[in-house]
Participant: 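The following block contains the structure, expressed as structure tokens.
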Amino acid sequence: MASAVTPLDQPSNYKDSQARVDRQKQHGLLQKSTTLYIGNLSFYTTEEQIHDMFSKCANPEDGGGVKRIIMGLDRHTRTPCGFCFVEFYTHAEALASMRYISGTKLDERIIRCDLDLGYREGRQFGRGKSGGQVRDEHRQDYDPGRGGWGAQAQRLEIERRRQVEERYADAEQGAPIAAGGEEWKQLNAVPAEPTLKRGRSPEDEDESSRQRVRVDEDTGRM
């Protein structure tokens with residue numbers, strides 16, 4: 001009777017996009033591979049942490065063990081970018097790691113393990129446009145373990161800030177900028193026409209004189 005549960009020690013459909021081998025040959029190479037590709041690592045996970053975890057599946061008494069670990073690096077900054085290769089001395093150790101470690105947590109992240117065709121120089125560098133992994137190039141979620149926002153979102157934010165800084169730099173140099181609220185009202189207010197005072201007519205002068213005379217008579221002043 002066929003098992004309803006997928007064996008945990010079987011490789012997935014992962015395939016190096018730059019590998020120049022067909023599927024049949026790839027399958028044959030994976031049947032004896034001693035190398036694992038480890039994905040979804042935190043940028044802050046160290047080589048020592050990885051060695052400690054994968055050593056639990058090693059068999060030094062049978063001539064095995066972790067042969068070496070190759071950390072995945074950002075192509076530009078040469079800093080970790082979330083993946084690595086783990087080489088064992090035996091194929092059985094690599095299969096045991098897939099069975100017992102893939103899908104478990106390291107640095108609070110669920111890591112993925114896949115049999116790999118074998119490490120070649122240059123594969124340690126990210127292939128994304130920004131230097132890291134392609135998966136982090138267009139990522140829309142915020143992942144603090146993998147540098148925050150995706151690289152494309154970070155570029156858009158940098159461009160937005162640059163435009164804001166240029167706008168305020170223009171304002172400091174006296175260039176006109178769009179205003180709003182009370183500033184807009186002040187800039188666009190129509191100046192009020194000056195109020196002209198009417199000159200005093202002769203009739204006003206006579207009336208004023210008559211009022212002064214009546215006041216003098218009432219007070220008895222000459």
Side-chain angles (χ1 to χ4, degrees), residues 3-19 26-128 130-137 139 141-151:
S3 174
V5 179
T6 302
L8 298 178
D9 58 352
Q10 295 301 309
S12 70
N13 290 325
Y14 162 78
K15 180 180 184 295
D16 178 15
S17 61
Q18 295 185 356
Q26 173 183 312
H27 181 73
L29 292 173
L30 293 178
Q31 290 299 312
K32 54 185 179 181
S33 173
T34 61
T35 303
L36 289 177
Y37 172 89
I38 316 300
N40 201 40
L41 291 172
S42 166
F43 288 3
Y44 306 103
T45 298
T46 65
E47 184 175 334
E48 289 75 16
Q49 288 175 280
I50 296 169
H51 187 279
D52 181 64
M53 171 170 274
F54 284 87
S55 291
K56 292 178 171 60
C57 293
N59 294 310
E61 62 275 9
D62 296 330
V66 176
K67 184 177 182 180
R68 64 171 175 168
I69 296 172
I70 302 97
M71 298 296 291
L73 302 175
D74 185 288
R75 190 171 65 253
H76 302 314
T77 64
R78 297 300 195 266
T79 55
C81 64
F83 72 99
C84 75
F85 298 93
V86 177
E87 288 187 355
F88 288 95
Y89 282 96
T90 68
H91 177 67
E93 292 171 311
L95 286 180
S97 293
M98 287 186 59
R99 175 177 293 175
Y100 299 116
I101 296 180
S102 186
T104 62
K105 282 189 175 182
L106 177 59
D107 267 353
E108 298 304 315
R109 302 184 66 84
I110 297 177
I111 61 174
R112 302 187 302 272
C113 304
D114 257 310
L115 285 176
D116 190 79
L117 298 178
Y119 171 76
R120 299 185 309 278
E121 185 61 32
R123 290 189 66 199
Q124 74 269 40
F125 299 122
R127 298 172 183 171
S130 299
Q133 287 192 275
V134 175
R135 60 166 292 198
D136 290 315
E137 193 68 32
R139 182 168 47 78
D141 62 318
Y142 183 84
D143 190 339
R146 296 184 70 89
W149 299 105

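Along the sequence shown, residues are numbered consecutively beginning with 1.
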Participant: Residues two or more places apart in sequence or in another chain: which of them pass salt bridge (Lys or Arg N to Asp or Glu O under 4.0 Å) with Arg139?
Facilitator: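 Scan of Arg139 (salt bridge (Lys or Arg N to Asp or Glu O under 4.0 Å), adjacent residues dropped) gives Asp136, Asp141.
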Participant: As an exercise, state the distance from OG of Ser102 to CG of Leu36, rounded to the nearest 0.5 Å.
Facilitator: 9.0 Å
Participant: Kindly give the heavy-atom pair with the smallest separation between His91 and Leu115, and that separation in Å.
Facilitator: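 It is CE1-CD1, 4.0 Å.
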Participant: CG/Leu30 to CG/Asp116 distance, rounded to the nearest 0.5 angstrom?
Facilitator: 8.0 Å
Participant: What residues, two or more places apart in sequence or in another chain, satisfy ring pair (Phe, Tyr, Trp, His ring centres under 6.0 Å) together with Tyr142?
Facilitator: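 Residues passing ring pair (Phe, Tyr, Trp, His ring centres under 6.0 Å) with Tyr142: Trp149.
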Participant: Roughly how far, to the nearest 0.5 Å, is OG1 of Thr77 from CZ of Arg75?
Facilitator: 10.0 Å
Participant: Where do Asp74 and Gly132 come nearest, in terms of heavy atoms and distance?
Facilitator: OD2-N, 3.4 Å
Participant: Enter the distance from Cys81:SG to Arg127:CZ here, rounded to the nearest 0.5 Å.
Facilitator: 11.0 Å
Participant: Would you find a donor on one side and an acceptor on the other, under 3.5 Å apart, between the side chain of Gln31 and the backbone of Leu29?
Facilitator: no
Participant: In the structure I gave you, are the side-chain heavy atoms of Leu95 and Arg99 within less than 4.5 Å of one another anywhere?
Facilitator: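 Side-chain contact under 4.5 Å: no.
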Participant: Would you say Phe83 and Gln124 make side-chain contact, with heavy atoms under 4.5 Å?
Facilitator: no
Participant: What's the shortest heavy-atom distance between Met71 and Thr45, and which atoms?
Facilitator: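 Here Met71 and Thr45 meet closest at CE-O, 3.7 Å.
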Participant: For the backbone of Asp52 and the side chain of Lys56, can you confirm whether one donor and one acceptor N or O come within less than 3.5 Å of each other?
Facilitator: yes
Participant: Which heavy atom of Cys113 sits nearest to which heavy atom of Ile101, and what is that distance?
Facilitator: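 So the minimum-distance heavy-atom pair works out to SG-CG2, 4.2 Å.
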Participant: Please report the interatomic distance CD1(Ile111) to CE(Met53), rounded to the nearest 0.5 Å.
Facilitator: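 Rounded to the nearest 0.5 Å, the CD1-CE separation comes to 5.0 Å.
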Participant: Is the backbone of Ser130 close enough, under 3.5 Å, to the side chain of Glu137 for a donor and an acceptor to pair up by distance?
Facilitator: yes
Participant: Restricting to non-hydrogen atoms, name the atom on Thr34 and the atom on Thr90 that form the minimum distance, rounded to 0.1 Å.
Facilitator: CG2-C, 3.5 Å
Participant: Identify whether NZ of Lys or CZ of Arg in Arg112 sits under 6.0 Å from the centre of the six-membered ring of Tyr37 and within 45° of that ring's axis.
Facilitator: no
Participant: So which heavy atom on Val86 is nearest to which on Phe88, and how close?
Facilitator: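 Reported closest heavy-atom pair: CG1-CE1, 3.8 Å.
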Participant: If you round to the nearest 0.5 Å, how far is CD1 of Ile69 from CZ of Phe85?
Facilitator: 13.0 Å
Participant: Mark yes when over 12 heavy atoms from residues, nucleotides or ligands other than His76 sit less than 6.0 Å from its NE2; otherwise mark no.
Facilitator: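 Counting other residues, nucleotides and ligands, NE2 of His76 exceeds 12 neighbours.
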Participant: Looking at Leu117, is its backbone amide N or carbonyl O close enough to the side chain of Gln26 to form a donor-acceptor pair, meaning the two atoms are under 3.5 Å apart?
Facilitator: no
Participant: Verify, without hydrogens or angle tests, whether Arg146 (side chain) and Leu41 (backbone) share a donor-acceptor contact under 3.5 angstrom.
Facilitator: yes
Participant: Tell me, do Thr79 and Leu73 make a side-chain contact under 4.5 Å, heavy atoms counted?
Facilitator: no
Participant: Got a sec, which pairs hit side chain to side chain donor-acceptor pair (under 3.5 Å) with one end in residues 61-73, sequence neighbours left out?
Facilitator: Arg68-Glu87
Participant: Determine, step by step, whether Arg109 and Asp143 satisfy the salt bridge (Lys or Arg N to Asp or Glu O under 4.0 Å) criterion, reporting the C-alpha distance in whole Å, the side-chain angles of both residues, the deciding distance to 0.1 Å, and the verdict.
Facilitator: CA-CA 11 Å; Arg109 302 184 66 84; Asp143 190 339; 2.9 Å; yes
